*Asks:* 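Sending over a structure as structure tokens; questions will come in a sec.
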Amino acid sequence: MSPDSVTDAQLFAFLDESLSIEQSNVIEQELRSNKDLLNRLSRIIENENRGVHSLAAIWRRGRISCPTREELGSYLLGALEEAEHDYITFHLEVIRCSYCTSSAIDLSNASQSPTVDDQTAARRSRYFESSIGRNRDR
């Protein structure tokens, strides 16, 4: 990534910490060595602080294009229509939205860990097994 190829959208994403670690590192290195890029970043920060909001900034901040957590869950379960599934695949794999990727990972991990009910059932089973033969009718 050359300094001239860094877009304002990438600088916004850098400020929001929504780039990959690799991309953030490249932009950080470029900012250290390229005064023009640093000035662009300063103007972006200044406009944000003054309350100058573009449609793109509002879209990014509101994460308008992001699927809901419920939609991500349905996606992981394979319960979406093809068009919705394709959009979320595009959003996660091409756009690489860090918010949605984190949410999908969280949902995926939650589905793999035992639920409270599973834990309760396992604990009851252990109690029952440990008391077999001790509670005989007298």
Side-chain angles (χ1 to χ4, degrees):
M1 180 183 300
S2 71
D4 296 333
S5 69
V6 177
T7 65
D8 285 353
Q10 288 171 316
L11 291 174
F12 276 110
F14 174 77
L15 290 172
D16 287 340
E17 297 180 9
S18 60
L19 292 175
S20 69
I21 293 171
E22 296 81 19
Q23 291 173 319
S24 291
N25 287 341
V26 169
I27 289 178
E28 185 176 341
Q29 290 302 316
E30 292 298 335
L31 287 168
R32 291 173 194 247
S33 62
N34 186 312
K35 192 168 190 153
D36 291 335
L37 188 60
L38 185 59
N39 287 336
R40 277 179 49 208
L41 181 66
S42 296
R43 279 193 304 277
I44 288 171
I45 293 169
E46 183 178 311
N47 285 339
E48 287 288 308
N49 290 339
R50 282 189 303 163
V52 177
H53 303 290
S54 67
L55 182 58
I58 294 167
W59 191 274
R60 273 191 308 276
R61 216 173 287 115
R63 296 194 317 269
I64 305 295
S65 63
C66 292
T68 64
R69 194 160 166 90
E70 291 80 16
E71 290 168 330
L72 283 171
S74 295
Y75 170 81
L76 293 171
L77 293 172
L80 292 177
E81 303 263 336
E82 183 178 357
E84 293 169 310
H85 182 272
D86 291 347
Y87 175 76
I88 294 177
T89 299
F90 175 81
H91 190 77
L92 294 173
E93 295 178 8
V94 177
I95 302 298
R96 294 172 34 172
C97 174
S98 63
Y99 299 106
C100 293
T101 300
S102 295
S103 203
I105 290 169
D106 181 50
L107 287 168
S108 180
N109 289 341
S111 70
Q112 294 173 2
S113 64
T115 64
V116 173
D117 291 336
D118 293 340
Q119 293 170 350
T120 301
R123 187 173 56 250
R124 285 182 183 156
S125 177
R126 284 194 307 273
Y127 292 154
F128 177 75
E129 289 170 6
S130 69
S131 63
I132 291 177
R134 294 188 183 171
N135 294 328
R136 296 179 196 249
D137 289 334
R138 295 186 185 176

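Please read these numbers as outputs of a predicted model, since none were measured by experiment.
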*Asks:* Are the side chains of D8 and L11 in touch, meaning some heavy atoms are under 4.5 Å apart?
*Replies:* yes
*Asks:* Nearest 0.5 Å please: distance from the CD1 atom of I88 over to the SG atom of C66.
*Replies:*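 Reported to 0.5 Å precision, the distance equals 10.5 Å.
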*Asks:* In the single-linkage hydrophobic clustering (I, L, V, M, F, W, Y; side-chain heavy atoms under 4.5 Å), do L76 and I105 co-cluster?
*Replies:* no
*Asks:* Measuring from T101:OG1 to E93:CD, what's the distance to the nearest 0.5 Å?
*Replies:* 9.0 Å
*Asks:* Is it possible for you to say whether L80 and I95 belong to one hydrophobic cluster, with membership spreading through side-chain heavy-atom contacts below 4.5 Å?
*Replies:* no
*Asks:* Determine whether L72 and Y99 fall in the same hydrophobic cluster, where Ile, Leu, Val, Met, Phe, Trp and Tyr are linked whenever their side-chain heavy atoms lie under 4.5 Å apart.
*Replies:* no
*Asks:* Quick one: do F14 and E28 satisfy side chain to side chain contact (heavy atoms under 4.5 Å, CB included)? Show the steps, please.
*Replies:* CA-CA 9 Å; F14 174 77; E28 185 176 341; 4.3 Å; yes
*Asks:* Within the 4.5 Å heavy-atom criterion, are L41 and L15 side-chain neighbours or not?
*Replies:*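 They are in side-chain contact.
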*Asks:* What's the verdict on side chain to side chain contact (heavy atoms under 4.5 Å, CB included) for Y75 and T89, showing C-alpha distance, side-chain angles and the deciding distance?
*Replies:* CA-CA 9 Å; Y75 170 81; T89 299; 3.0 Å; yes
*Asks:* So, applying side chain to side chain contact (heavy atoms under 4.5 Å, CB included) with V6, which one of L37, L31, V26 is it?
*Replies:*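 One option only clears the test, and that one is L37.
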*Asks:* Could you give the distance from CD (E71) to OG (S103), rounded to the nearest 0.5 Å?
*Replies:*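 Reported to 0.5 Å precision, the distance equals 11.0 Å.
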*Asks:* Which value, rounded to the nearest 0.5 Å, describes the distance between R43 atom CZ and E46 atom CD?
*Replies:* 9.0 Å
*Asks:* I want to check something: taking the side chain as every heavy atom from C-beta on, are Q10 and T7 in contact at a cut-off of under 4.5 Å?
*Replies:*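 Yes. Closest side-chain heavy atoms under 4.5 Å.
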*Asks:* Compare every heavy atom of H91 with every heavy atom of P67, then report the nearest pair and how far apart it is.
*Replies:*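 Closest approach of P67 to H91: CD-CD2, 3.6 Å.
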*Asks:* Roughly how far, to the nearest 0.5 Å, is the CD atom of E70 from the CG atom of L107?
*Replies:*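 L107 CG to E70 CD: 9.0 Å, rounded to 0.5 Å.
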*Asks:* Would you say CD1 of I21 has more than 12 non-hydrogen atoms from neighbouring residues, nucleotides or ligands within 6.0 angstrom?
*Replies:* no
